[in-house]
Amino acid sequence: PLVADIRIARAGRKFADMAFGAGATLVTVIGESPRDVVEGAMASALANNGRVEVELGESWKPDDVARWVNLGVANLIVHRPLGVPAGEDVATIYALERLRELDLGDTKLTLAGGLSADVLHHFTGFAINVLVVGGAVINAVDPSAEIFRIREAAGKSFTRTLT
């Protein structure tokens, strides 16, 4: 899969069409975007055999999630705040707990932001399907070994298999 992490905020159909036309299989949309932006991106995804993921903002509501799930959004992204140690990250834990109570159907959860093999245990028990990892791999002495460490830690932490 090729993710166009362009965080669409307006003109959902237009920007999703451009991303899918360039070869993306998945585009990101900002959760605070107006309703028609997500709908436009989804229309493009259906026309281009692609998928959409929505990055949750701080003010998301269960009704928003239900609407996105009903539209067929592939993933919901929970993004950890920058600079907050995983052990003190109450906002992400709270968001994951709220999501656990909702019917997500086939929509999967993505966790992003400051992730490494050493912090994944803080998110044990949540149904995470996708991890977005950057710095831990890029800055590792042996990036391949770090990827294996992350996969192993994820296998011990999450209730769903990573895709």
Side-chain angles (χ1 to χ4, degrees), residues 1-9 15-16 18-33 38 41-42 44-45 48-60 65 68-69 72-163:
L2 179 61
V3 179
D5 187 18
I6 57 176
R7 299 178 182 168
I8 299 169
F15 287 111
M18 288 190 307
F20 292 129
T25 56
L26 182 73
V27 297
T28 57
V29 176
I30 303 265
E32 293 90 356
S33 300
V38 178
M42 281 302 303
S44 176
N48 291 286
N49 198 30
R51 297 179 299 146
V52 171
E53 58 184 354
V54 173
E55 183 169 342
L56 301 176
E58 294 178 14
S59 60
W60 65 269
V65 171
W68 298 324
V69 167
V73 164
N75 298 5
L76 298 173
I77 305 169
V78 177
H79 200 285
R80 295 188 56 242
L82 293 175
V84 177
E88 300 171 20
D89 186 1
V90 295
T92 301
I93 297 296
Y94 178 64
L96 290 169
E97 287 174 347
R98 288 178 63 202
L99 288 164
R100 182 168 36 200
E101 297 173 3
L102 303 177
D103 178 7
L104 299 182
D106 292 332
T107 301
K108 297 176 181 181
L109 293 181
T110 296
L111 183 60
L115 300 177
S116 69
D118 299 328
V119 303
L120 292 181
H121 69 277
H122 291 289
F123 308 103
T124 297
F126 292 106
I128 307 295
N129 291 88
V130 178
L131 296 174
V132 178
V133 181
V137 174
I138 293 168
N139 298 321
V141 173
D142 183 346
S144 294
E146 186 61 22
I147 290 171
F148 285 110
R149 284 187 63 231
I150 291 167
R151 281 193 167 279
E152 182 179 13
K156 294 175 183 174
S157 299
F158 303 128
T159 58
R160 287 190 183 169
T161 305
L162 292 177
T163 54

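All values below were derived from every heavy atom in this structure, side-chain atoms included, with hydrogens, water molecules and symmetry-related copies excluded. For reference, positions follow the sequence shown, starting with 1.
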For side chain to side chain contact (heavy atoms under 4.5 Å, CB included), just list the numbers for Leu26 and Glu53, CA-CA rounded to whole Å, side-chain angles, deciding distance to a tenth of an Å, and then say yes or no. CA-CA 7 Å; Leu26 182 73; Glu53 58 184 354; 3.6 Å; yes
Given side chain to side chain contact (heavy atoms under 4.5 Å, CB included), test Leu99 with Trp60 step by step and report yes or no. CA-CA 10 Å; Leu99 288 164; Trp60 65 269; 3.8 Å; yes
Apply side chain to side chain contact (heavy atoms under 4.5 Å, CB included) to residues Leu131 and Leu120 and explain how you reach the verdict. CA-CA 10 Å; Leu131 296 174; Leu120 292 181; 3.8 Å; yes
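Within the model, atoms NE2 of His122 and CD of Glu88 stand 9.0 Å from one another, a figure rounded to the nearest 0.5 Å. Atoms CD1 and CD1, on Ile30 and Ile6 in that order, are 10.5 Å from each other to the nearest 0.5 Å. From Arg80, atom CZ reaches atom OG1 of Thr92 across 5.5 Å, with rounding to the nearest 0.5 Å. Note: Leu109 CG to Leu96 CG = 6.5 Å, rounded to the nearest 0.5 Å. The distance from the CZ atom of Phe123 to the CG atom of Asp89 is 5.0 Å, given to the nearest 0.5 Å. Note that CG of Asp5 is 7.0 Å distant from CD of Glu55, once rounded to the nearest 0.5 Å.
Residues Ser44 and Phe20 come closest through the heavy atom pair OG-CD1, 3.3 Å. Across all non-hydrogen atoms, the minimal contact from Ala140 to Pro143 is O-CD, 3.7 Å. Looking at every heavy atom in both residues, Val27 comes nearest to Ala16 through CG2-CB, 4.2 Å. The shortest non-hydrogen separation linking Val65 to Leu76 is CG1-CD1, 3.7 Å. Between Glu32 and Ser59, the closest heavy-atom pair is CG-OG, 4.5 Å. The two residues Gly125 and Arg100 have their closest heavy-atom pair at O-NH1, 3.3 Å.
In this structure a side-chain-to-backbone donor-acceptor pair under 3.5 Å is present from Ser33 to Ile8. At distances below 3.5 Å, not a single donor-acceptor pair connects side-chain atoms of Arg51 with backbone N or O atoms of Ala74. A side-chain donor-acceptor contact under 3.5 Å links Thr25 to the backbone of Leu2.
Paired with Ile77 under the rule side chain to side chain contact (heavy atoms under 4.5 Å, CB included), one option of Thr28, Leu111, Leu56, Val130 passes, and it is Thr28.
Side-chain contact between Thr110 and Val132 is present, with heavy atoms from C-beta onward closer than 4.5 Å. The side-chain heavy atoms of Asp142 and Phe148, taken from C-beta on, include no pair separated by under 4.5 Å.
A salt bridge does not link Glu152 to Arg149: none of the charged side-chain nitrogens sits closer than 4.0 Å to a carboxylate oxygen.
Taking a 6.0 Å sphere around CG of Asn139, one finds it holds more than 12 heavy atoms contributed by other residues, nucleotides or ligands.
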